[in-house]
Amino acid sequence: MSTSLTAIQQKYAEHAALVEQLQGIDYIPHSFKANQARIDHIKKELVQRKQNVQALEAKSKLEYKDVKDLQRSGTRRLYLRVTEGKDALQKKKMKEEQEWLDAVQAESNEKLAIKTLEEELASAEATVPKLKESMENHEKVRKRLDQLYHELFGGTTADYPEEDSAEEAVKGAEKLYAEAQGKLTKESEVNSWLVKAERSMAKVLEKMYKAEDISIKELAASHHLYDMLEAGELRSAKTHSLQVETYVQEARRLQPDILDLGQISIPM
């Protein structure tokens, strides 16, 4: 196909407009793919965590049964006193109660993690319609741009012998650009998770400081109301700390070089 300078000039304005439009939406395919991967991962994670909750609920019930059995069984309490000494019963009761509380806490932690993931899933799914619409627009612009190149330079271009080699160079550059855009999208998502973790950590500190302040007042006043207020702040701190752990885990899934935060210990 022979391409005249006049034909190129006639298409220049449309080409420039298409390129400018594409530059503003060229991240969309990578964002759409990353968002879908995020949705798929969260759904898979939720299935696993809900299975964990079932096992933890069963364990909580079993530990609670052990506590109640010890409370109800006079024979068992007497046996412990006779065989292991007068302090054995109290130690056994404390051990059984602590195991029950640990099981309940583990169950609660898993349920809070599920709640956080469900909120993230809802957020990711809410962006799908807009991303699909943007994807359709991106494909439309890309298709028209490819069509325009084909109209002007499809086949051999005798008037522009350098065009074929330039076209190959452009394809190579586009490939590199796509790889860079994909990495940028991933790093952007990692940063988003870490920003959420940072905000939740700020909430943890805020609640811990409030609990500390209430604890100091409690020493002076010795009022049971302060106990309740302190416990409430600590529970809230625990909730936010579990969010931090979840967000960091999601960031590490995308970028393993991020250090593992581990479990945040909140005294309850």
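Along the sequence shown, residues are numbered consecutively beginning with 1.
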Measure across [X] and [Y] and return the closest heavy-atom pair with its distance rounded to 0.1 Å.
X: Ile264; Y: Glu245; result: N-OE2, 2.8 Å
X: Met135; Y: Pro29; result: SD-CA, 3.5 Å
X: Ala124; Y: Asn35; result: O-ND2, 3.0 Å
X: Ala34; Y: Glu189; result: CB-OE1, 3.9 Å
X: Ile42; Y: Leu117; result: CG2-O, 3.5 Å
X: Ala197; Y: Val248; result: CB-CG2, 3.9 Å

Donor + acceptor pair across side chains of [X], [Y] (<3.5 Å):
X: Arg252; Y: Gln249; result: no
X: Glu206; Y: His240; result: no
X: Gln255; Y: Glu187; result: yes

Is there a side chain to side chain contact (heavy atoms under 4.5 Å, CB included) between Lys43 and Val47 once you walk through the steps? CA-CA 6 Å; Lys43 285 182 176 180; Val47 169; 5.8 Å; no
Are Glu198 and Leu194 close enough, and set up right, to give a side chain to side chain contact (heavy atoms under 4.5 Å, CB included), and what steps lead you there? CA-CA 6 Å; Glu198 183 180 23; Leu194 292 178; over 6 Å; no
To the nearest 0.5 Å, what is the distance between [atom1] ([X]) and [atom2] ([Y])?
X: Ile114; Y: Thr246; atom1: CD1; atom2: OG1; value: 10.0 Å
X: Lys44; Y: Leu46; atom1: NZ; atom2: CG; value: 12.5 Å
X: Glu233; Y: Ile214; atom1: CD; atom2: CD1; value: 4.5 Å
X: Asp146; Y: Lys143; atom1: CG; atom2: NZ; value: 10.0 Å
X: Lys140; Y: Leu145; atom1: NZ; atom2: CG; value: 14.0 Å
X: Leu22; Y: His15; atom1: CG; atom2: NE2; value: 9.5 Å

Does the side chain of [X] reach to within under 4.5 Å of the side chain of [Y], using non-hydrogen atoms?
X: His30; Y: Lys186; value: no
X: Gln36; Y: Asp40; value: yes
X: Lys196; Y: Gln243; value: no
X: Leu242; Y: Thr116; value: no
X: Met208; Y: Ile266; value: yes
X: Val204; Y: Thr239; value: no

Does the distance from a Lys or Arg side-chain N to an Asp or Glu carboxylate O, for Glu107 and Lys111, drop under 4.0 Å? yes
Any carboxylate oxygen within less than 4.0 angstrom of a Lys/Arg side-chain nitrogen, looking at Arg253 and Glu250?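 Here Arg253 pairs with Glu250 in a salt bridge, since their nearest N and O are under 4.0 Å apart.
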Where do Lys132 and Glu136 land on the salt bridge (Lys or Arg N to Asp or Glu O under 4.0 Å) test, with the steps shown first? CA-CA 6 Å; Lys132 280 186 175 179; Glu136 290 172 2; over 6 Å; no
Derivation and outcome, side chain to side chain donor-acceptor pair (under 3.5 Å), residues Asn137 and Glu133: CA-CA 6 Å; Asn137 186 40; Glu133 181 183 340; over 6 Å; no
Quick one: ring pair (Phe, Tyr, Trp, His ring centres under 6.0 Å) pairs with a partner in residues 185-209, sequence neighbours left out?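 Every ring pair (Phe, Tyr, Trp, His ring centres under 6.0 Å) pair that includes a residue of residues 185-209, provided the two are not neighbours, is Trp193-Tyr247.
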So, the side chain of [X] versus the backbone of [Y]: is there a donor-acceptor pair under 3.5 Å, distance only?
X: Ser241; Y: Lys238; answer: yes
X: Ser108; Y: Val104; answer: no
X: Ser215; Y: Ala211; answer: no
X: Ser236; Y: Gly232; answer: no
X: Ser60; Y: Ala103; answer: yes
X: Ser31; Y: Tyr27; answer: yes

Is [Y] reachable from [X] through a run of hydrophobic residues whose side-chain heavy atoms are each under 4.5 Å from the next?
X: Val190; Y: Val195; result: no
X: Leu56; Y: Leu101; result: no
X: Leu121; Y: Val128; result: yes
X: Leu254; Y: Phe32; result: no

Could you work out, with salt bridge (charged side-chain N to carboxylate O under 4.0 Å, His left out) as the rule, every residue matching Arg49, not counting sequence neighbours? Glu45, Glu110
Using salt bridge (charged side-chain N to carboxylate O under 4.0 Å, His left out) as the criterion, list what pairs up with Glu118, not counting sequence neighbours.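 Expected list: Lys50.
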